[in-house]
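Each remark here refers to the structure printed beneath this line.
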Amino acid sequence: MFSLLRPTIVVFLALSLVTGVAYPLLVTGVAQLIFPRQANGSLIEANGRVVGSDLIGQQFDDAKYFWPRPSATSPAYNAAASTGSNLGPTNPAQLDAVRTRTDAVRKANPTQHGPVPVDLVTASGSGLDPHISPAAALYQVDRVARARGVDAHRVRELVTQHIEGRTFGVLGEPRVNVLRLNLALDSLK
Amino acid sequence: MTSNAWMQLILYFAVLGLLAKPLGWYMARVYLGQPCCGMERVFGWLERSIYRVANIDERHEMGWRQYAVAVLLFNAVGFFAVYALLRLQGMLPLNPQQFAACTPDLAFNTAASFATNTNWQSYAGETTLSYLSQMLGLTVQNFVSAASGMAVLVALIRGLTRRTTATIGNFWFDLVRSTLYILLPLSIVVALLLVSQGVIQNFRPYATVNVLQPTVASDGTKGETQTLALGPAASQIAIKQLGTNGGGFFNVNSAHPFENPTPISNFVELLSILLIAAALCYTFGVMVGDTRQGWALLAAMYVIIVPLTVFTAWQEQNGVPAYTALSVDQTAHVDQPGGNMEGKETRFGIVNSALWASATTAASNGSVNAMHDSFTPLGGLVPMWLIQLGEIVFGGVGSGLYGMLMFVIVAVFIAGLMVGRTPEYLGKKIEAYEMKMASLVILIPPLVVLVGTAIAVIGPGLDYAAGNEIKSNLNNPGAHGFSEVLYAFSSAGNNNGSAFAGLTTNEPFNNLALGLAMLAARYWLMIPTLAIAGSLARKKFTPPSAGTLPTHRPLFVAMVVGTILLVGALTFVPALALGPIVEHLQMIAAS
């Protein structure tokens, strides 16, 4: 037992230094050298100031912007405290939430008569989902075009340009980055 | 399910199967002390200096008792180190957000969680832990707890292959080599791949950005800025996936876009969950001198996980009938994945969320890329049941395969009873002592899970912490609430670490009860496993005869799968009936 003490402590300290200090520092060093933008949060600059990150969604509720998915963080899209709703599918609170959101989305988009795309009325896992499905973006085109006084055609075209397909045609799901799309809207003349 | 869903599933399981052989071959060389593809030129000096300073003779052979004491002592030191770090983090450096010390119960729970390779998250990464705690506490344990599991597996394999000896190897040799030659190089590669996709890796304080559209909340507070949590995430995420740890850098784990930003990062992280556990099957085959034995075990794992994965994906794709009734479109078509999207991320959709849920619970990983609490009832039953099977279908690195070998021993025993012969496995007679120990390994987790759940739900009023009952910790009423508690104890009692996260666990009762469950499930299984290793090593080799049951044929694979499913079903179906199954019937009835 006592003969095991020295190996235990030395091995623990040595492996702590290797895996807890040297390893993260090495990865940080290489990452900052090769992928500085990604390693620091993929920040977006517009007009000389940082307006967000490619990867983190933002809250939009103005009619002239595309809206993101509902967020369970407090306040919405709080990137310092991520969380999902963790509400189950038979929870009355969840059904109420979906009903309220569906009503609000339908009211805001009166030209749409079909059912609402599911991602537009369900909260994402992180509360920070930067994307919506192409269906959810197309659903909002008429509203955004009207609020901006732009031809719906041009807005639809912008959405189409912003659809990211599956990686290699296989992995993941088609999606639209809401912040990128809204930034492009603002620069639409 | 769409044709793309099938393609993504097939691609994943095919790539995993293809990587098992090369990595498994390499790991066998690591444990047999053979040249490791030049890796010893990079880390050999480090390995030798550790042995020298620690006064270790790595050729010194240990008996099973000494091996067990070394494992326990080493894990105990790790446990106390994490506890101390969390309690002192307020006055330690690398704490840009100035987080205070963790409470004693949270520090206990988190230390137990990481020492046991469970990585249950009672903490919320970005709001409770400093960068130093994440690195020096959690990342270190991610490595060494995984390496401890791999070491015990290797000791058991030596027990199976050696004849009439009292020793099963040297723990320090197995531990240090697992860490330096396997986990560390793989982690460096995976971490850099993840950074290339956008996973963050820096030491900056949280960034504040000006949002494009300022908002006004319902209570009148203005939102003009957004604070982005940052930190050295990629290095921790790589090892938390590879080492079947699962404890996230952020609260929502790999659902967080900084932790898992793209379909490629998702594929890499998914692959990392099962990679080492799958490859160890091949390592096992090499070390016992018959790779068919390893393939048979891997086949048994595939036979269980593949149909369950497809079932979950199908359930989630079907969605929630009540949403459709509210005029919500859950169909899959070219513009959307559809399905039950609550708690899921758009970039992953249904199939990647379902695949992750079954991979992370088949392995004792426990990381998540979608919130299991919001899954459909039967979609959520699968991950819970995969945990309850004992974390042996892949399971934790090392621990999964040694748990699987316990089921193999039981299967061999049952088969032996059927034909009236003394059961043997790989030339070793399986006798009463091995059966007793294997039964302990199989029965302790269900005991912890079911008794723990029972105490939590009926307990003596449970007026721990300010007169709370378990009910006030639940996020969902009814059957789903019961599922939250059952899932929590299943997860802790099998060292998984994922959660139906609606349950409030960061309070004294849950922190303590779940912490004890994790410790019991890890070490009460390791000790009997090592005892079997010691007992098998002492036995003679019995050459196979005409009456020996071949253990690499489909018939035997079916026997093992049958044993696992039978034990898992008989033990847990009553409890599952009260949770997800009732909830499913309610959901159907309401529509």
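Convention: sequence-line order gives letters A, B, ...; per-chain numbering from 1.
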Applying a strict 4.5 Å limit to non-hydrogen atoms, the region of B:Gln134 in contact with chain A is neither
Ranked by heavy-atom pairs below 4.5 Å to chain B, first place among A:Ile56, A:Val98, A:Leu15, A:Leu13 goes to A:Ile56
Donor on one side chain, acceptor on other, A:Asp119 and A:Ser133, under 3.5 Å: yes
Classify the angle between the aromatic ring planes of B:Tyr131 and B:Tyr206 as parallel (below 30°), tilted (30 to 60°) or perpendicular (above 60°). tilted
Most contact-rich option vs chain B, by heavy-atom pairs under 4.5 angstrom, among A:Leu179, A:Leu120, A:Ile132, is A:Ile132
When the 4.5 angstrom heavy-atom criterion is applied to B:Glu259 and chain A, the contacting part is neither
Establish, for the pair A:Arg175 and B:Phe348, whether the NZ or CZ atom is under 6.0 angstrom from the six-membered ring centre and no further than 45 degrees off its axis.
no
The interface call for B:Leu180 against chain A, heavy-atom contacts under 4.5 Å, is side chain
Honestly, the part of B:Val195 sitting under 4.5 Å from a heavy atom of chain A is both
So, the part of B:Leu228 with a heavy atom under 4.5 Å from chain A: the answer is both
When the 4.5 angstrom heavy-atom criterion is applied to B:Val53 and chain A, the contacting part is both
Highest number of heavy-atom pairs under 4.5 Å with chain B among A:Asn78, A:Val176, A:Leu128 belongs to A:Leu128
Subject >> Between A:Asp186 and A:Tyr65, a side-chain donor and acceptor under 3.5 Å >> reply: yes
Honestly, the part of B:His480 sitting under 4.5 Å from a heavy atom of chain A is side chain
The interface call for B:Leu194 against chain A, heavy-atom contacts under 4.5 Å, is neither
Answer with yes or no after comparing the ring centroid distance for B:Phe500 and B:Phe375 against a 6.0 Å cut-off, counting only values under it.
no
**Asked** Any luck finding a side-chain donor-acceptor pair between A:Asn182 and B:Gln213 under 3.5 Å?
**Response** no
If one checks every heavy atom of B:Ala370 against chain A at 4.5 Å, the contacting part turns out to be neither
Okay, B:His372 and chain A: the region with an atom under 4.5 Å from a heavy atom over there is neither
Looking only at A:Val10, A:Val118, A:Val27, the option with the highest number of non-hydrogen pairs under 4.5 Å against chain B is A:Val118
If one checks every heavy atom of A:Thr102 against chain B at 4.5 Å, the contacting part turns out to be side chain
Honestly, the part of B:Gln226 sitting under 4.5 Å from a heavy atom of chain A is side chain
Can you tell whether the side chains of B:Arg347 and A:Glu173 come within less than 4.0 Å, N to carboxylate O? no
If one checks every heavy atom of A:Leu25 against chain B at 4.5 Å, the contacting part turns out to be side chain
task: Under the side-chain contact (heavy atoms from CB on, under 4.5 Å) rule, what do A:Leu138 and B:Asp335 come out as? Steps first, then yes or no, please.
output: CA-CA 9 Å; A:Leu138 294 168; B:Asp335 284 332; 3.6 Å; yes
The interface call for A:Phe168 against chain B, heavy-atom contacts under 4.5 Å, is side chain
Checked B:Ile188, B:Val368, B:Asn369 vs chain A; the most non-hydrogen pairs under 4.5 Å come from B:Ile188
Checked A:Gly127, A:Ala31, A:Gly84 vs chain B; the most non-hydrogen pairs under 4.5 Å come from A:Ala31
| message | With no hydrogens and no angle check, just 3.5 Å: does a side-chain donor-acceptor pair link B:Asn202 and A:Gln32? | response | no
Considering only NZ, NE, NH1 and NH2 on the basic side and carboxylate oxygens on the acidic side, decide whether A:Asp62 and A:Arg148 come within less than 4.0 Å.
no
Bottom line for B:Thr225: the part with an atom under 4.5 Å from chain A's heavy atoms is neither
The interface call for B:Asn4 against chain A, heavy-atom contacts under 4.5 Å, is side chain
Heaviest contributor of heavy-atom pairs below 4.5 Å to chain B, chosen from A:Gln59, A:Glu164, A:His131, is A:His131
Under 4.5 Å to a heavy atom of chain A? For B:Leu132 that would be neither
Please indicate whether A:Arg106 has more than 12 foreign heavy atoms, meaning atoms of other residues, nucleotides or ligands, lying under 6.0 Å from its CZ.
yes
Honestly, the part of A:Pro75 sitting under 4.5 Å from a heavy atom of chain B is neither
